[in-house]
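Excluded from the calculations below are hydrogen atoms, water molecules and symmetry mates; all remaining heavy atoms, backbone and side chain alike, are included.
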Amino acid sequence: MTPIASGLAAGLVQSVDWPAVAPPTIAAVAGLVVLVADLFLPERRKPLLGWLAITGLLLAGLSLLPLLHGDRSTFCVGSGGAEACSYTADAFTLVIQLLVLGGALLTALLSVSGIKDLRLPAGEFWFLLLSSASGAALLPASRDLATLVVALEVASLPAFALVGLRRESRLSSEAALKFFLSSVTATAVMLLGVSFVYATTGSLHLSRIADGLTHVDPRFDTLAQTGVVLTLVGFAFKTAAVPFHFWVPDTYVGAPIPVAAYLSVVGKAVGFSGLILVTLLAFPSYDDVWGPAIAVLAALTMTAGNVAALRQRPERAHSAVRLLAWSSVGQAGYLLVPIAAAGYAGSAGDASQAIGSTVAYALMYAAVNLGAFAVVALVARTHATGRITDYRGLYAARPAAALALGFFLLCLAGLPPGIIGLFAKVTVFSTAVHAGLGWLAVVMALNVVIALYYYLQWTAVLFRAPEPAGAATVTPVPATAPLTAAIGLAAVLGIALSGAPQLVLRFASGALL
């Protein structure tokens with residue numbers, strides 16, 4: 001081999017930093033182990049698959065610990081100052097991976113009993129959940145558009161199957177189809193945007209795209225702006241931002257409750273982390289394009305979500321999950337506010353502080369929203385219709401579950417004793433004011449007031465006297481240990497965060513970009 005050929009071959013050899021890529025890799029390997037084990041385990045021992053999945057998620061979470069002592073990158077090209085990497089395990093990556101893997105773990109605890117109750121195929125369920133979690137853990141570490149798109153699809157494609165896994169349910173099949181068609185359309189639009197960005201800059205790495213967009217040929221400026229907007233559309237769909245939100249209520253209602261909980265937290269984490277990466281790392285020079293656009297999306301999203309949640313009738317079937325679905329759309333609007341504010345930031349430090357508000361809010365939302373879904377899963381074991389009116393008398397039947405759900409709802413509303421919810425909303429509000437988005441802060445304040453009504457209405461139902469004798473009431477049902485653990489963990493997290501809310505913001509702000 002000639003010296004030139006030898007040099008080229010050496011440049012193509014990649015040394016993989018295995019500890020850096022361990023979190024998504026362990027989740028993926030655990031999924032393969034579950035899939036193979038499913039072939040050999042008899043039916044009566046299928047519950048072991050759930051514990052294998054939980055063990056895999058715990059190991060993936062523990063693999064974050066060695067990465068706390070500095071940024072690590074792998075799959076890099078170039079050298080010196082021109083080096084660009086496709087995978088970076090920095091502080092931002094670790095925070096989002098912690099959120100994703102923690103959310104998947106709580107979902108797994110919810111699912112251990114839910115699989116048997118809903119007669120879901122255990123092997124397929126756990127394989128799909130772990131596959132989706134591995135893609136979601138990969139996305140925040142991605143530093144080029146190709147890896148971002150692949151990670152987004154690895155997180156999304158198994159989720160379509162999870163939504164439609166109740167094969168005998170018409171609602172489940174319809175929800176999966178709507179989710180699939182909407183997502184595929186959004187992905188196609190995003191890929192078109194990515195191709196425009198690549199045609200303009202000649203690179204897919206986020207850092208090189210940022211450099212390329214700072215000196216775009218005037219003849220290609222319109223193409224570059226179109227590429228930026230279309231790329232953001234795909235992530236806006238994942239965040240359930242209006243007008244890309246129409247799939248949310250039907251998908252949550254048709255999906256098994258643990259899957260709806262997973263989509264509400266981990267699905268949003270995927271969308272928001274991707275949105276943060278492309279806006280701040282790839283498109284900072286186009287903040288005059290995406291900043292106002294995301295501000296308008298935030299206002300529309302929080303307003304549409306809260307107004308729709310306000311209109312839900314408590315006696316309607318599936319009203320509990322449907323209200324949480326529309327509530328998640330409203331919460332997505334709040335999460336978009338700091339990202340919009342980052343577009344108006346005067347410095348990189350201000351932008352990082354603004355994004356820290358989004359991450360802090362996401363951490364709070366993940367804990368309490370998964371807790372709320374856990375209580376909904378508990379009540380659904382007795383009342384399959386899932387109406388809010390079914391929760392009347394829950395305190396008399398199950399005081400601990402009622403108190404937990406009441407606390408979770410107050411956190412989402414931003415009222416004491418849910419101090420973490422109040423703190424998160426005040427932080428997001430102040431971020432908008434600091435960025436000069438006073439009109440957006442006013443819209444947010446009005447929406448917070450609207451949301452108080454439906455959160456407090458549901459909370460009040462929990463503590464009303466039970467229905468008269470002979471009427472349908474919430475009665476005690478056996479609560480499995482994993483379901484109880486999920487509710488307990490979410491409640492402990494919410495209480496701990498409410499006791500020291502400033503730690504969340506400090507942790508999130510110190511972790512960013």
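- Considering CG of Leu99 and CZ of Phe272, their distance stands at 11.5 Å, rounded to 0.5 Å.
- Interatomic distance, Leu370 CG to Phe408 CZ, rounded to the nearest 0.5 Å: 9.5 Å.
- Residues Ser327 and Tyr455 form a side-chain contact, since some pair of their non-hydrogen atoms from C-beta on lies under 4.5 Å apart.
- Rounding to the nearest 0.5 Å places OG1 of Thr427 at 14.5 Å from OH of Tyr334.
- A side-chain hydrogen bond (donor to acceptor under 3.5 Å, both in side chains) check over residues 252-262, counting only residues at least two apart or in different chains, returns the pairs Ser132-Tyr262.
- Without hydrogens or angle criteria, Ser63 side chain to Ala60 main chain gives a donor-acceptor distance under 3.5 Å.
- Here the side chain of Ser111 pairs a donor or acceptor atom with the backbone of Thr107 at under 3.5 angstrom.
- Across all non-hydrogen atoms, the minimal contact from Val270 to Leu139 is O-CD2, 3.5 Å.
- Residue-environment remark: OH (Tyr395) stays at or below the threshold of 12 foreign heavy atoms within 6.0 Å.
- The two atoms that bring Ala161 and Leu128 nearest to each other are CB-CD1, 3.6 Å, heavy atoms only.
- For the side-chain contact (heavy atoms from CB on, under 4.5 Å) criterion with Ser357, the lone passing option out of Thr431, Leu335, Ile339 is Thr431.
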- Go through the steps to decide whether Ile115 and Trp126 satisfy the test side chain to side chain contact (heavy atoms under 4.5 Å, CB included), and finish with yes or no. CA-CA 10 Å; Ile115 286 178; Trp126 293 116; 3.2 Å; yes
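- No donor-acceptor pair under 3.5 Å is formed between the side chain of Ser183 and the backbone N or O of Phe180.
- The pair Arg72-Asp90 fails the salt-bridge criterion, with no side-chain N (NZ, NE, NH1 or NH2) lying under 4.0 Å from an Asp/Glu carboxylate O.
- The two residues Ala402 and Leu462 have their closest heavy-atom pair at O-CD1, 3.6 Å.
- Put simply, the side chain of Leu138 does not reach to within 4.5 Å of the side chain of Val154, judged on heavy atoms.
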- Verdict with reasoning, Asp38 to Leu49, per side chain to side chain contact (heavy atoms under 4.5 Å, CB included): CA-CA 7 Å; Asp38 182 50; Leu49 298 175; 3.5 Å; yes
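- Nearest approach of Gly333 to Thr301, heavy atoms of both residues: N-CG2, 3.6 Å.
- To the nearest 0.5 angstrom, Phe373 atom CZ is 14.5 Å from Leu378 atom CG.
- Heavy atoms only, all atoms of each residue included: Leu483 and Ala377 are closest at CD1-CB, 4.3 Å.
- Within the 4.5 Å cutoff, side-chain heavy atoms of Leu120 are placed close to those of Pro256.
- Here the rule is side-chain contact (heavy atoms from CB on, under 4.5 Å) with Met302, and of Leu297, Leu336, Val337 only Val337 fits it.
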- Task: Step by step, work out the side chain to side chain contact (heavy atoms under 4.5 Å, CB included) result for Leu456 and Leu415.
- Result: CA-CA 10 Å; Leu456 291 176; Leu415 289 176; 3.8 Å; yes
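- Note that CD1 of Ile419 and CD1 of Ile495 are 12.0 Å apart. Values are rounded to the nearest 0.5 Å.
- Arg45 is not listed as a side-chain neighbour of Phe40, based on a closest heavy-atom distance of 4.5 Å or more.
- With a 4.5 Å cut-off on side-chain heavy atoms, Ile487 and Val375 count as touching.
- To the nearest 0.5 Å, the span separating CG on Leu394 from CZ on Phe463 amounts to 8.5 Å.
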- Message: Apply side chain to side chain contact (heavy atoms under 4.5 Å, CB included) to residues Phe75 and Arg143 and explain how you reach the verdict.
- Response: CA-CA 10 Å; Phe75 304 116; Arg143 293 298 184 270; over 6 Å; no
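- Ala53 and Val34 get closest at one heavy-atom pair: N-CG2, 4.2 Å.
- At least one side-chain heavy atom of Phe92 sits less than 4.5 Å from a side-chain heavy atom of Ser273.
- Ser328 is listed as a side-chain neighbour of Tyr365, based on a closest heavy-atom distance under 4.5 Å.
- Proximity of a side-chain donor or acceptor of Thr93 to a complementary backbone N or O of Pro140 within less than 3.5 Å is detected.
- At least one donor-acceptor pair under 3.5 Å links the side chain of Lys425 to the backbone N or O of Leu412.
- Residues Tyr454 and Asn306 meet the side-chain proximity criterion, which asks for heavy atoms closer than 4.5 Å.
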